[in-house]
Amino acid sequence: MVARCAFAELGYGVATNKDVAERAGITTGALYHYFDSKTAMYWAVFDHVQRTVGRFLADAIEPFPTFFRQAEAFFRGLQQLNGKEPTLAEFLNAARIDITRYSELKIDFQDRYPKVRRHFIPGLVALGVSTGEIDPERADDVADFLHAFVTGLMDPASIKYDEQERAIEALLSLLQGTLIKAPSKP
């Protein structure tokens, strides 16, 4: 948790092992007993965040048999998790930037590609195709749209909890076809 907060607040480039050790109330030498480098510590945090978010979301969507209900549970789960543990989203947002800036992170990132993009969204879309809720020809479009929505929803710097609630409600209305009316043709 301490390392996650340091990386979320300072970013990979600025955070140091000394920062993490001081926040944890231990010496830098003691920290090296657990992690041989800052990069190893960063990946341990990243992997832990991925597992935490993954388990939470899997439990949230599991009981629902349709794309729409799983999508609703998925987005409400993200919002709930963000409210409960905001440093998870803060870390993941910082990671999106850090991974593009630092070559030592770029190398290992593909092996750790976020579960939301690799697992949950494709799973939701595949369910929607199988239930007839999503046109198979538009499956990639839906996946890209949902990924973009997740990215925006989990940006704690630009969206507050009540704004997340309105955004989720708007997304659900959009998915149901009730948010926007198509203009009538002249």
Side-chain angles (χ1 to χ4, degrees), residues 1 3-5 7-8 42-100 105 108-181:
M1 173 81 156
R4 179 175 74 208
C5 290
F7 287 128
Y42 184 87
W43 286 126
V45 171
F46 187 91
D47 293 343
H48 180 263
V49 167
Q50 290 295 310
R51 284 190 308 275
T52 300
V53 172
R55 279 192 306 266
F56 188 86
L57 292 176
D59 289 346
I61 68 172
E62 190 272 327
F64 301 102
T66 65
F67 164 79
F68 183 82
R69 291 296 173 219
Q70 278 197 5
E72 180 179 21
F74 176 82
F75 287 111
R76 293 198 188 285
L78 283 175
Q79 180 192 28
Q80 180 184 9
L81 191 57
N82 194 31
K84 183 177 164 183
E85 291 194 54
T87 59
L88 291 169
E90 291 166 3
F91 174 81
L92 289 172
N93 279 312
R96 280 194 341 238
I97 296 166
D98 290 338
I99 288 164
T100 64
L105 298 180
D108 291 332
F109 178 66
Q110 289 306 317
D111 293 338
R112 292 175 162 90
Y113 196 57
K115 284 187 175 190
V116 165
R117 183 72 167 166
R118 185 181 64 218
H119 176 70
F120 283 104
I121 290 175
L124 283 171
V125 172
L127 176 63
V129 169
S130 73
T131 60
E133 295 168 275
I134 296 174
D135 177 349
E137 301 282 324
R138 302 298 307 267
D140 289 342
D141 298 336
V142 173
D144 290 343
F145 171 74
L146 293 177
H147 178 68
F149 188 82
V150 167
T151 301
L153 183 69
M154 298 312 293
D155 183 357
S158 66
I159 190 165
K160 295 173 180 53
Y161 193 83
D162 61 326
E163 293 168 335
Q164 288 177 342
E165 181 64 31
R166 286 194 307 275
I168 291 168
E169 289 299 324
L171 173 67
L172 297 173
S173 294
L174 182 66
L175 293 174
Q176 291 175 315
T178 60
L179 181 65
I180 301 170
K181 292 182 182 181

Subject >> Close side-chain approach of F64 and L127, heavy atoms under 4.5 Å >> reply: no
Subject >> Spacing of L78 atom CG and L57 atom CG [to the nearest 0.5 Å] >> reply: 5.0 Å
Original post:
What's the spacing between F7 CZ and F46 CZ if we round to 0.5 Å?
Top reply: 12.5 Å
Subject >> Heavy-atom closest pair, residues L179 and A170 >> reply: CD2-O, 3.5 Å
Original post:
Does E72 come within less than 4.0 Å of R69, counting only side-chain N to carboxylate O?
Top reply: yes
Subject >> P86 to G83 - nearest heavy-atom pair and separation >> reply: CD-O, 4.0 Å
Original post:
How long is the span from the OG1 atom in T52 to the CG atom in D47, to the nearest 0.5 Å?
Top reply: 10.5 Å
**OP:** Report the distance from atom CZ of F56 to atom NZ of K84, rounding to the nearest 0.5 Å.
**Re:** 5.5 Å
Subject >> Between CG on residue L105 and CD1 on residue I97, distance to nearest 0.5 Å >> reply: 12.5 Å
**OP:** Compare every heavy atom of A94 with every heavy atom of A8, then report the nearest pair and how far apart it is.
**Re:** O-CB, 4.1 Å
Subject >> Parallel, tilted or perpendicular: ring planes of F75 versus F149, cut at 30 and 60 degrees >> reply: perpendicular
Subject >> is_close_aromatic(F91, Y42), centroid dist under 6.0 Å >> reply: yes
Original post:
Are more than 12 heavy atoms from other residues, nucleotides or ligands located less than 6.0 Å from atom CG of D140?
Top reply: no
**OP:** Taking ring pair (Phe, Tyr, Trp, His ring centres under 6.0 Å) as the test, write out the residues that go with F68, two or more places apart.
**Re:** none
Original post:
Is any NZ, NE, NH1 or NH2 atom of the basic residue among E165 and K160 found under 4.0 Å from an Asp or Glu carboxylate oxygen of the other?
Top reply: no
Subject >> More than 12 heavy atoms of other groups within 6.0 Å of R96 CZ >> reply: yes
**OP:** Answer yes or no: is there a side-chain heavy-atom contact under 4.5 Å between L146 and F120?
**Re:** no
Original post:
For E137, does the CD atom have more than 12 heavy-atom neighbours from other residues, nucleotides or ligands under 6.0 Å away?
Top reply: no
Subject >> Atom of L124, atom of A71 and distance for their closest heavy-atom approach >> reply: CD2-N, 3.8 Å
Subject >> Where A3 and V45 come nearest, the two heavy atoms and their spacing >> reply: CB-CG2, 3.6 Å
**OP:** Please answer whether the main-chain N or O of A89 pairs with a side-chain N or O of N93 as donor and acceptor at a distance below 3.5 Å.
**Re:** yes
Subject >> Donor-acceptor contact present, side-chain T178 to main-chain S173, <3.5 Å >> reply: yes
Subject >> Donor-acceptor pair, side chain of Q79 and main chain of Q164, under 3.5 angstrom >> reply: no
Subject >> Beyond-backbone contact of R76 with L172, side-chain heavy atoms, under 4.5 angstrom >> reply: yes
**OP:** State plainly whether the residues D59 and R55 are in salt-bridge range, i.e. N to O under 4.0 Å.
**Re:** no
Original post:
Do the non-hydrogen side-chain atoms of N82 and Y161 ever get within less than 4.5 Å of each other?
Top reply: no
Subject >> Rounded distance [0.5 Å steps], OG1 in T87 versus CZ in R4 >> reply: 3.5 Å
